[in-house]
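Order of the sequence lines fixes the chain letters, A, B, ..., with proteins taken first and strands second; residue numbering starts at 1 for each chain.
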Amino acid sequence: EDQVTQSPEALRLQEGESSSLNCSYTVSGLRGLFWYRQDPGKGPEFLFTLYSAGEEKEKERLKATLTKKESFLHITAPKPEDSATYLCAVLEGAGGFKTIFGAGTRLFVKA
Amino acid sequence: DARVTQTPRHKVTEMGQEVTMRCQPILGHNTVFWYRQTMMQGLELLAYFRNRAPLDDSGMPKDRFSAEMPDATLATLKIQPSEPRDSAVYFCASGLRTGGVEKLFFGSGTQLSVL
């Protein structure tokens, strides 16, 4: 069964304290791995798509990387406005369109 | 900016009542997804459509939930009869295929409370 596991469940950082979020996955043929950001009371917002092991994508203070079994979302010198829940999702490789989400990591950045 | 529109934003109802949630996908997107989010289960895929045809609704309780796309601008999710365990936030998302994979755009959700 396809699974997406994110860790930690919650992460508290001081402003400027860099860290990483983890997403491990088990899918039959990965077609794409996604990172989304979700703010309270809103729907998830797309950040990145990664297609193959070794690939990296960057946006402002965020960098996403992908290996054959997991993905990391690195946050460099975070600011309070980076506080949100970060969701990882995978598109299964069975030729369908099913996107499966992990439970998310709640990030709190204190000024 | 184009966005996915969901109505209502909030719904409080009593157990046994019918609930209908509506979604207007982004114009030009041909894939529509319904997700349910709870603290315990996270985001669960309920059903999805491609070109208005239902592709998979295995995530839905079939006896009470139904999802339809009467036209390209409207998707609906109905619960009849509703139960307290259906309380959750229901998200609609529409998909744009880029590079062979689906990038999803989410609405703001319908917060459902069944008393």
For B:Glu14, is the CD atom crowded, meaning more than 12 foreign heavy atoms sit under 6.0 Å from it? no
Kindly check if the number of other-residue, nucleotide or ligand heavy atoms within 6.0 Å of CD (B:Glu18) is above 12? yes
Contact list (residues 99-111 of chain A to chain B, heavy-atom gap under 4.5 Å, by number) returns A:Thr99, A:Phe101
Heavy-atom neighbours of B:Lys78 NZ exceed 12 at 6.0 Å: no
Treating Ile, Leu, Val, Met, Phe, Trp and Tyr as nodes and any side-chain heavy-atom pair under 4.5 angstrom as an edge, say whether A:Tyr86 and A:Leu11 lie in one connected cluster. yes
Note, B:Leu104 side chain near A:Phe34 side chain (heavy atom, < 4.5 Å): no
Anything in residues 107-115 of chain B with a heavy-atom distance to chain A below 4.5 Å? Please list those residues in order. B:Gly107, B:Ser108
Hydrophobic cluster membership, B:Ile79 vs B:Leu74, 4.5 Å side-chain cutoff: no
Please output the residues of residues 55-65 of chain B in contact with chain A, using a heavy-atom cutoff of under 4.5 Å, in numerical order. B:Leu55, B:Asp56, B:Ser58
Are B:Met69 and B:Tyr48 linked, directly or through intermediate hydrophobic residues, by side-chain heavy-atom contacts shorter than 4.5 Å (ILVMFWY only)? no
Hey, does A:Phe46 have a side-chain heavy atom less than 4.5 Å from the side chain of B:Phe106? no
Answer with yes or no whether the hydrophobic clustering places A:Leu47 together with A:Leu33; edges join I, L, V, M, F, W, Y residues whose side-chain heavy atoms lie under 4.5 Å apart. yes
Considering only heavy atoms, give the residues of residues 26-46 of chain B separated from chain A by less than 4.5 Å, sorted numerically, with 'none' for an empty result. B:Phe33, B:Tyr35, B:Gln37, B:Leu43, B:Leu45
Tell me whether B:Arg3 at atom CZ has more than 12 heavy atoms from other residues, nucleotides or ligands lying less than 6.0 Å away. no
For the atom pair CZ (B:Phe91) and CD (A:Gln38), what is the distance rounded to the nearest 0.5 Å? 5.0 Å
Are A:Leu66 and A:Val27 grouped together when hydrophobic residues (ILVMFWY) are joined by side-chain heavy atoms under 4.5 angstrom apart? yes
